[in-house]
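This report concerns only the one structure given below.
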Amino acid sequence: MKKLHSIKGTHDILPNEIHKWKALESIVNQTCEQFGYQEIRNPIFEETRLFSRSVGEETDIVTKEMYSWEDVDGASLTLRPELTASVVRSYIQHNLGTLSPIQRLYYSGPLFRRERPQKGRQRQFHQFGVEAFGSNNPEQDVEIIAIAWKILSLCGLANDTTLNLNSIGSNECRNNYRTALKNYLSPYIKDFSKTSQHRFDTNPLRILDTKSEKEQEILNDAPKISDYHNKTDSTHFESLKEFLKDMDLPFSINHKLVRGLDYYTGTVFEFNSDNLGAQDALLGGGRYNRLVETLGGKPTPGIGFAAGIERFLIAMEQSNFDAKKSNPDVYFVCAENKALSRSIVISSRLRSLNLKVVSDTLRRSMKSQLREANKLKVKFALILGEDEINNSTITLKDFTKGTQKTIPQSEVMNFFEDLTI
Ligand code: HAM
């Protein structure tokens, strides 16, 4: 059979890198719990219309990036390309709003987008994120941004990261701004790319995202959305900025930040890294005050963010974040087959002390078992050889101290019980 490979744009997360994932996951879980957020886990696939309704029919994600298929019963299903829609669906379905006027949720898991793979961009990637339902106050916005900031700081990424902030205002603001932007762009649009020309008709605000330098230059003089904010939009945004200043949380206002998903209203933000190249968005989010209603729930404000785990890990690599490898504590060397049962029993007792104990199952020579123990960077080896069996003893090799001693087997448990490792 021809050699099998993982699908383009998907990656195995191998044992030699898993400690980094776990270190990040642990920071995320602890931080979110510190802020009173509870974990939610949603299915990997959902009805397609959940995403087309929420993310938006005309968005890149929905028009070209979703993995969708028709199920045997004719239902159109999709591998989730993002998680906000699923969390909102779940919030409505389980009436989470009736449990408390504020719901604070966090999540992590795999997502699927059929994008062109490159550094920091996969077809199966992973995100962690948070969503808060119920409050439309700017202190909720600052709470969400503070969670992101705390996680970035604990990962050693705060110094190389910029918080880009904008408010895309209310519906009324966006409608007025759309008209103003189109008026401004109409003399130039014939020279813009096909994508921008299409966006001019379908979603003009997304033109602000264009990667073309020439188009960006023209956009530099375009009207700014903040000039179209109504009183409520600007009061909210000003308070948010004040709160961020109070927290010494640096930010930069980016009038062109609109984000690529249609559900946003008001505050939008991204944390961009200096160390990631083209795919520099570590994390993005914003308010979506109409999404719960759009998906059939009671009008409920919401705000959240999601971060790309792979991108975090690339950036953490460069910031020299030290994720500790989880090596076993003890390697049990059993050099005589007649002592296997003894070795199994002692190993198992040691594990009940919460120690990580590995023993050989290949019946290798003492020398190669010790070589393996060394390779695994264990702290101790316990050795049962001919002499030890005859004398009911066991040899204890301490790799950290470079010492070795032989003790009665009956004292092994005491030794490890008294130890703090
Ligand atoms: P998003 O900007 O589409 O927002 O994705 C958030 C983050 O996921 C990005 O900043 C990036 O780090 C990562 N990401 C996105 N696509 C890929 C990819 N193909 N490969 C690797 N990483 C990727 C959302 O998903 C919204 N649901 C965020 C949100 C939550 N807004 C409100 N609540």
Side-chain angles (χ1 to χ4, degrees), residues 27-40 83-84 87-88 91 96-107 128-154 157-158 161-174 225-226 229-255 257-259 261 263-272 282-293 297-307:
I27 289 175
V28 169
N29 295 350
Q30 270 178 32
T31 308
C32 293
E33 304 270 343
Q34 266 180 0
F35 278 83
Y37 284 63
Q38 290 182 302
E39 189 176 355
I40 183 164
L83 258 155
T84 310
V87 173
V88 171
Y91 174 88
L96 297 184
T98 59
L99 302 179
S100 151
I102 283 277
Q103 276 293 320
R104 296 179 161 102
L105 305 169
Y106 77 95
Y107 51 78
F128 64 84
V130 300
E131 313 290 350
F133 296 93
S135 168
N136 188 27
N137 293 323
E139 55 269 35
Q140 185 63 67
D141 303 30
V142 85
E143 176 179 289
I144 291 285
I145 294 174
I147 297 176
W149 183 245
K150 174 124 202 224
I151 294 173
L152 284 160
S153 306
L154 291 172
L157 300 179
T161 307
T162 310
L163 165 57
N164 282 295
L165 189 66
N166 194 16
S167 167
I168 57 168
S170 57
N171 247 9
E172 173 203 0
C173 156
R174 280 190 304 284
I225 196 155
S226 52
H229 283 168
N230 64 23
K231 182 99 192 15
T232 319
D233 296 332
S234 46
T235 314
H236 186 105
F237 199 42
E238 287 311 312
S239 307
L240 169 60
K241 286 190 275 187
E242 282 310 313
F243 287 146
L244 290 172
K245 283 183 199 151
D246 293 343
M247 289 188 64
D248 289 327
L249 211 159
F251 61 89
S252 149
I253 299 295
N254 179 350
H255 295 285
L257 180 69
V258 284
R259 313 253 313 121
L261 302 99
Y263 47 63
Y264 291 115
T265 55
T267 309
V268 286
F269 61 93
E270 271 181 11
F271 279 92
N272 300 83
L282 274 173
L283 176 165
R287 275 209 165 269
Y288 45 85
N289 285 351
R290 296 163 59 91
L291 185 55
V292 176
E293 200 179 346
K298 290 203 191 93
T300 311
I303 178 165
F305 73 75

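Note that the coordinates shown come from a computational prediction; the quantities given were computed from them, not determined experimentally.
Inspection of the Thr84 and Tyr263 side chains reveals an N or O donor paired with an N or O acceptor under 3.5 Å. For the residue pair Asn272 / Thr162, no side-chain donor-acceptor distance below 3.5 Å is found, with atom types taken as modelled.
With sequence neighbours excluded, no residue forms a salt bridge (Lys or Arg N to Asp or Glu O under 4.0 Å) with Arg174. Glu139 pairs by the salt bridge (Lys or Arg N to Asp or Glu O under 4.0 Å) definition with nothing, not counting sequence neighbours. Under the side chain to side chain contact (heavy atoms under 4.5 Å, CB included) criterion, Glu33 pairs with Tyr106, not counting sequence neighbours.
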Problem - Test side chain to side chain contact (heavy atoms under 4.5 Å, CB included) applied to Leu99 and Leu96, step by step - result: CA-CA 5 Å; Leu99 302 179; Leu96 297 184; 3.8 Å; yes
Exercise for the section: Walk me through it: do Leu283 and Phe269 pass the test side chain to side chain contact (heavy atoms under 4.5 Å, CB included)? Expected result: CA-CA 8 Å; Leu283 176 165; Phe269 61 93; 3.9 Å; yes
Exercise for the section: Go through Thr31 and Tyr37 one step at a time and tell me if the side chain to side chain contact (heavy atoms under 4.5 Å, CB included) criterion holds. Expected result: CA-CA 9 Å; Thr31 308; Tyr37 284 63; over 6 Å; no
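Contact annotation: the side chain of Leu165 approaches that of Ile145 to within less than 4.5 Å [non-hydrogen atoms, C-beta and beyond]. Contact annotation: the side chain of Arg290 approaches that of Asn171 to within less than 4.5 Å [non-hydrogen atoms, C-beta and beyond]. The shortest distance between side-chain heavy atoms of Tyr91 and Gln103 falls below 4.5 Å. At least one side-chain heavy atom of Pro250 sits less than 4.5 Å from a side-chain heavy atom of Trp149.
Considering every non-hydrogen atom in both Cys173 and Asp233, the closest pair reads CB-OD2, 3.5 Å. Annotation for Asn289 and Thr265: closest pair N-OG1, 2.9 Å, computed over non-hydrogen atoms. Nearest approach of Gln140 to Ala132, heavy atoms of both residues: NE2-CB, 3.3 Å. Pairing each heavy atom of Val130 with each of Ile144, the nearest pair is CG2-CD1, 3.6 Å. The heavy-atom pair separating Gly304 from Tyr288 by the smallest distance is N-CE2, 3.7 Å. Closest approach of Ile225 to His255, counting heavy atoms only: CG2-O, 4.3 Å.
Remark: Thr300 OG1 to Glu293 CD distance equals 8.5 Å, nearest 0.5 Å. Note that the SG atom of Cys32 and the OH atom of Tyr107 stand 10.0 Å from one another [nearest 0.5 Å]. Separation of atoms CG (Asn136) and CZ (Arg287) is listed at 4.5 Å; rounding is to 0.5 Å. The distance from atom CG of Asn166 to atom CZ of Phe251, rounded to the nearest 0.5 Å, is 12.0 Å. In this structure, the separation between CG on Leu249 and OG on Ser153 is 7.5 Å, given to the nearest 0.5 Å. Here the CG-CG distance, from Leu240 to Asp141, works out to 5.0 Å after rounding to the nearest 0.5 Å.
A donor-acceptor pair under 3.5 Å is absent between the side-chain atoms of His229 and the main chain of Phe237, judged by distance alone.
A perpendicular orientation is assigned to the rings of Phe305 and Phe128, their planes being inclined by more than 60° (bins at 30° and 60°).
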